[in-house]
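Here is how names work: the chains are called A, B, and so on, in the same order as the sequence lines, proteins then strands, and each is numbered from 1.
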Number of protein chains: 2
Amino acid sequence: MAVTLRDVAERAGVSVRTVSNVVNGFQHIAPATRARVQAALEELNYRPNLVARSLRQGRTGIIMLVLPEINVSYFGELAHEVVDYASSVGCTVQIDESGGDPQRERALLETIAQASWVDGVLFSSLGLRGVDLAGLAGGRPMVLLGERTARTSLDHVGIDNVEAARQAVAHLAGRGRTRIAALGGSGGARDATSKYRLKGFRLGMRAAGLDPEGRYLRTADYRRGSAATAVRELLAWPERPDALFCFSDELAAGALRELHEQNVRVPEDMAVIGFDDIEASRFSTPSLSSVRPDKAGIAQAAVDTLLARLDDPAGAVREVSVAHELVVRESSGSA
Amino acid sequence: MAVTLRDVAERAGVSVRTVSNVVNGFQHIAPATRARVQAALEELNYRPNLVARSLRQGRTGIIMLVLPEINVSYFGELAHEVVDYASSVGCTVQIDESGGDPQRERALLETIAQASWVDGVLFSSLGLRGVDLAGLAGGRPMVLLGERTARTSLDHVGIDNVEAARQAVAHLAGRGRTRIAALGGSGGARDATSKYRLKGFRLGMRAAGLDPEGRYLRTADYRRGSAATAVRELLAWPERPDALFCFSDELAAGALRELHEQNVRVPEDMAVIGFDDIEASRFSTPSLSSVRPDKAGIAQAAVDTLLARLDDPAGAVREVSVAHELVVRESSGSA
DNA sequence: CTGTTAGCGCATTCAA
DNA sequence: TTGAATGCGCTAACAG
């Protein structure tokens, strides 16, 4: 069996209270006592039972991070930042995947509401609307990551997708492209991310004196494999695009591949820009221009916001907008 | 405050024992009582406190997964499989990162020994030797993932790296390549993965009647960014290689990029094969040949092995070898 | 400065 | 079939 405070107390000939004090680094302890307890602690190789401690304190220090899929590069990189920052503030991260499926997201939230060992949840939803989420959290502190789909009582951390998308389009237009197309997501209410990026796309097009209508193509998801058919379709448009704004770097990677197969040169015949700036994009051929969200900033803001919410459950709803940046590489170089 | 068993018991006019029985689905309960308790349960929206339950039962259902970095594609994909399978057997996954640094791995294990809410640990080490690990686990069940560095008392799940590497080399030789080079890791005792892959490289070379000596180049790590300088060096060899076996797909991706910059055609001038078969490899230009470990198989075996160890702490040490497969794509197509 | 003790919420043994 | 009571290991309020 595991050695308990009580065992140590007996060994050292003191009370559990004193041992607890030593373990937790309390100040006012007689040096002699402290030394004796320390010795007993080490002789018995005492390890505090964190479950018991958590039961007592009501906090576990465990943050749950819900993502569509951890194997998707962007989410992997985001998770990395979250784990990294969380550990620096003494928290560990539990990861769950929703698969981006609203039904599974819902089921997961049911579980979360019960999984009462997590102090709070960072939820990166693709399918559920904020209003749905709020009700499902089961009163547990939750911060929404990515896009907020509707007015809700939940804290939210994300970037300005509209502005970021607008800048991407402005960049393409600035390089002389006039037949710009956008690609990714559903563009509708169900997928807020693409909705806002599409909005930014339209703003950017109009600002450049271009007509955005009929220049957007949906995809089933944001993965590499979903780009190929879309790209073929887009190449068959009567007015073939000379630039492509993909709503994720993975889509852009899939697009680069398909463009290669169709013998379309990038950037000469088609400029391409992605979104997320995943690491692979720096090394692709051609290297991929992208919108880079400050992932570390998102992670930090998310964890901080969650911790603040834990301390003040009734505080005002927080809305944090994190920085982003345009990264220009070969794929959108001047033709 | 949260609703407890006691609250429900009062409400239903029964004892906590009875409520507990209903919650846990015990059989012998009078239908009338059960109905009354059920009603109270729902009216009060009772959620069991899992921390308290865990304290009582001694198990949390939390598995800790320790990886070098979750943002590295291979580990992201592996984590995905682990989370997926673990959830199917009722476990949640807590992720920690070691950064691949032996010192941090050691520190992390100290924490693990204390973090007594995890039932067991899946440890994918890069730097520490198995013998070191065994002592540090603090008696907590631990399964080693990837490579086992030394005889140890720990369970281990991995693929046959020697054979996999041998096959990769045989494939290149089979395509008529004679000046094959290997790239990645330290090749030494500190990095068992590259040690075994290097061993397989040598076996494959000799089997093809080629001399493996002096045809291996180390890298600082397995990331894309570490390939460039190595590739430049390798291109300057007196007998310039016509094939490159990279010990990871990320290295291979970095190599493809650098080869492109140096105007070396792939596969015409240089065949390239990687290791891990990450998703990006299917879509790169050229698409990348690779050794594909059965990641789902690894995840499943790892979790199963850990659970078995939990049930039988004294059982025989398990050594599981999971399947792998060679995936041939453009980068190693015949010249 | 340190000992005693009451719970945290739950599962469970002993009675009834 | 159900109630009362114990304790998992710990922290903290209350003494002394």
Which nucleotide in dT12(C), dA12(D), dT2(D) has an atom nearest any side-chain atom of Thr18(B): dT2(D)
What verdict does the side chain to side chain contact (heavy atoms under 4.5 Å, CB included) test give for Val83(B) and Leu65(B), after you've listed the backbone C-alpha separation in whole Å, the side-chain angles of each residue and the deciding distance to 0.1 Å? CA-CA 9 Å; Val83(B) 168; Leu65(B) 176 62; 5.8 Å; no
When we call it a touch if two heavy atoms are under 4.0 Å apart, what does Thr4(A) touch: a base, just sugar-phosphate, or nothing? sugar-phosphate
Please tell me which of the listed nucleotides, dT2(D), dC8(C), dT2(C), lies nearest to the side chain of Leu55(A)? dC8(C)
Categorize Arg53(A) for me: base, sugar-phosphate, or nothing, with a 4.0 angstrom heavy-atom threshold over every strand shown. sugar-phosphate
Rounded to whole Å, the CD-P distance (Glu10(B) to dG9(C)) equals 13 Å
Minimum-distance nucleotide (side-chain atoms of Val16(B) versus dC10(C), dG9(D), dA5(D)): dA5(D)
Could you give the CZ-to-C1' distance, from Arg59(B) to dC10(C), as a whole number of Å? 18 Å
In whole angstrom, give the distance that lies between atom CG of Asn21(B) and atom C1' of dA11(C). 9 Å
CD1 of Ile29(A) versus P of dG3(C): gap in Å, rounded? 11 Å
Salt bridge (Lys or Arg N to Asp or Glu O under 4.0 Å) evaluation trace for Lys295(B) with Glu81(B): CA-CA 7 Å; Lys295(B) 299 181 195 95; Glu81(B) 300 294 344; over 6 Å; no
Nearest-angstrom distance from the residue atom CZ of Arg6(B) to C1' of dG7(C): 10 Å
If you check every side-chain atom of Ser15(A), which of dG3(C), dT2(C), dC10(D) has the closest atom? dG3(C)
Provide, to the nearest angstrom, the distance between the CG atom belonging to Asn24(A) and the P atom belonging to dA13(D). 13 Å
Of the candidate nucleotides dG9(D), dC10(C), dA12(D), which contains the atom at the shortest distance from the side chain of Gln57(A)? dA12(D)
Determine the contact category for Tyr46(B): base if any of its heavy atoms lies under 4.0 Å from a base atom, sugar-phosphate if only primed atoms, P, OP1 or OP2 are that close, otherwise nothing. sugar-phosphate
Length of the line joining Leu50(B):CG and dA11(C):C1', which is rounded to integer Å: 14 Å
Base, sugar-phosphate alone, or nothing: which one does Val14(A) contact when heavy atoms must sit under 4.0 Å apart? sugar-phosphate
Just call it for Leu5(A): base, sugar-phosphate, or nothing, with non-hydrogen atoms closer than 4.0 Å on any strand. base
Test your reading of the model: is there a side-chain donor-acceptor pair from Arg36(A) to the backbone of Ala12(A), 3.5 Å cut-off? yes
Measure from the side-chain heavy atoms of Arg17(A) and tell me the nearest of dC14(D), dT13(C), dC10(C). dC14(D)
Sorted by chain and number, sequence neighbours left out, side-chain hydrogen bond (donor to acceptor under 3.5 Å, both in side chains) with Asp119(B) holds for Thr60(B)
Salt bridge or not for Arg47(A) and Asp7(A), using N-O below 4.0 Å? no
Using a heavy-atom cut-off of 4.0 Å across all strands, would you classify Thr33(B) as base, sugar-phosphate, or nothing? sugar-phosphate
Check the distance between dC8(C)'s P and Asp7(B)'s CG and give it to me in whole angstrom. 10 Å
